[in-house]
Amino acid sequence: METAAYIHVLDREGRLLADAAEAAGSAAEVPTCPAWRVRDLLRHTGAVHRWATGFVAEGRTAPRPLGDEPDLDGTALTDWFREGHRRLVDTLAAAPADLDCWHFLPAPAPLEFWARRQAHETAVHRFDAESARGGEPTGVGTAFAVDGVDELLRGFHAREKSRVRVPEPRVLRVRATDADDAVWTVRLSERVPEAERGVTADADCEVAGPAAELYLGLWNRVPLPGVTGDASLAALWRERSAVG
């Protein structure tokens, strides 16, 4: 996907998130994040948006901690979220292609990283907001979902922070059944998971299904689809894959 496409998705997902949060009410429970209510979701995502905006708008080249979440609620909180989301979208859209700033996953360019990361951050939390509102959730496009699975497997879980570890080497396969060449081989061990595109080893367990279901399942928002083989590896993912 191109940077402009990520920004377009981010714009749409943030507006849908705010609409769903407003409809649910800030005190509503978030079924996909049992410890949260909608106010927690808005405060967290809004703080992340402002954090990301700072790197892009100011060209920050060193990491900084996430800012404090606001002591706001109700309409004031939703307005605060909308304002920060709008500024993030506008900042990314106006940023130069050769922007130099800090980023925490491999990417062709910092601007593409931040557009991609914030699009997926917001899409997953939009699903959370819609789960609180109830009713049919907005669909996730196949190409975007495939991209999100790739970011999760080859980005987030390639870091030392990943807790998806096993004492003996095992192989997990992830396969999107509705997209060409959307299959990953994930080698698990005591070390950081190593994921690569394609079928590069025999798998002990395979998780297969439509890309959107894989995307939300691997982010622990819905059950994992189509588990075959050693289901304990799928269970391990559910238990240990939360991203901090």
Side-chain angles (χ1 to χ4, degrees), residues 29-37 40-41 44-45 48 104-106 117 120-132 134 136-179 181-244:
E29 295 181 349
V30 181
T32 49
C33 299
W36 277 3
R37 295 188 181 267
D40 303 306
L41 177 64
H44 166 76
T45 312
V48 170
F104 61 88
L105 296 178
R117 176 80 292 277
H120 287 297
E121 174 85 12
T122 308
V124 171
H125 287 317
R126 182 269 303 161
F127 186 83
D128 294 332
E130 291 183 343
S131 78
E136 188 70 21
T138 305
V140 178
T142 299
F144 183 70
V146 168
D147 183 77
V149 171
D150 195 74
E151 184 204 42
L152 182 61
L153 296 179
R154 299 204 297 158
F156 276 106
H157 285 284
R159 302 184 300 167
E160 288 295 332
K161 289 183 178 182
S162 177
R163 298 185 301 113
V164 183
R165 313 285 179 106
V166 292
E168 300 293 334
R170 309 296 299 281
V171 175
L172 173 67
R173 179 104 63 241
V174 176
R175 185 188 304 274
T177 55
D178 57 347
D181 302 321
V183 57
W184 296 261
T185 299
V186 186
R187 300 172 190 269
L188 303 176
S189 67
E190 293 181 328
R191 303 174 58 114
V192 171
E194 297 178 3
E196 53 191 345
R197 293 292 284 263
V199 177
T200 59
D202 293 335
D204 299 293
C205 175
E206 178 166 308
V207 179
E213 292 182 27
L214 286 177
Y215 178 57
L216 294 171
L218 291 168
W219 275 107
N220 290 331
R221 263 50 186 195
V222 300
L224 288 170
V227 176
T228 56
D230 185 355
S232 69
L233 290 184
L236 176 78
W237 183 274
R238 300 289 291 183
E239 294 166 2
R240 300 189 184 178
S241 66
V243 173

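- Side chain of R240 to backbone of A235: no donor-acceptor contact under 3.5 angstrom is found.
- V149 and A211 get closest at one heavy-atom pair: CG2-O, 4.5 Å.
- Side-chain atoms of Y215 and L152, non-hydrogen and from C-beta on, never get closer than 4.5 Å to each other.
- Looking at every heavy atom in both residues, V30 comes nearest to R37 through CG2-C, 3.6 Å.
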Check step by step if side chain to side chain contact (heavy atoms under 4.5 Å, CB included) holds for V192 and H157. CA-CA 7 Å; V192 171; H157 285 284; over 6 Å; no
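- Note that CD of E239 is 9.5 Å distant from OG of S232, once rounded to the nearest 0.5 Å.
- Remark: side-chain polar atoms of W237 are not paired, donor with acceptor, to backbone N or O of V164 under 3.5 angstrom.
- Annotation: side-chain hydrogen bond (donor to acceptor under 3.5 Å, both in side chains) contacts of R238 (sequence neighbours excluded): N220.
- Across all their heavy atoms, P31 and E29 have their closest contact at CD-O, 3.3 Å.
- The aromatic ring centres of H120 and W219 sit 6.0 Å or more apart.
- Rounded to the nearest 0.5 Å, atoms CD (E213) and CG (L218) are 11.5 Å apart.
- A distance of 11.0 Å separates CG of L236 from CZ of R165, quoted to the nearest 0.5 Å.
- Counting heavy atoms from C-beta outward, W184 and V207 have side chains that stay 4.5 Å or more apart.
- Across every non-hydrogen atom of R221 and T32, the tightest pair is O-CG2, 3.7 Å.
- Every salt bridge (charged side-chain N to carboxylate O under 4.0 Å, His left out) that R197 has, sequence neighbours left out, goes to D150.
- Between D128 atom CG and T122 atom OG1 the span is 11.0 Å, to the nearest 0.5 Å.
- Between the CD atom in E151 and the CD atom in E121 there is a gap of 9.0 Å [rounded to 0.5 Å].
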Apply side chain to side chain contact (heavy atoms under 4.5 Å, CB included) to V140 and R126, showing your working. CA-CA 11 Å; V140 178; R126 182 269 303 161; 3.7 Å; yes
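- Applying the 6.0 Å contact sphere to CD of E194 captures no more than 12 heavy atoms from other residues, nucleotides or ligands.
- Residues R175 and L214 have side chains not in contact (no heavy-atom distance under 4.5 Å, counting atoms from C-beta outward).
- By the 6.0 Å contact criterion, CD on E196 is enclosed, its count of non-hydrogen atoms from other residues, nucleotides or ligands being greater than 12.
- Between T228 and C205 there is no side-chain heavy-atom pair separated by less than 4.5 Å.
- For T185 (side chain) and G198 (main-chain N/O), a donor-acceptor pair under 3.5 Å exists by modelled atom type.
- What you find for A123 and F144 is that their closest heavy atoms are CB-CE2, 3.7 Å.
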Check the pair L105 / R159 against side chain to side chain contact (heavy atoms under 4.5 Å, CB included), numbers first and verdict last. CA-CA 9 Å; L105 296 178; R159 302 184 300 167; 3.7 Å; yes
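- Taken from CG in L188 to CG in D204, the straight-line distance is 8.5 Å, to the nearest 0.5 Å.
- Nearest heavy atoms, T177 versus P210: OG1-N, 3.3 Å.
- Residues passing the side-chain hydrogen bond (donor to acceptor under 3.5 Å, both in side chains) test with D40, sequence neighbours excluded: none.
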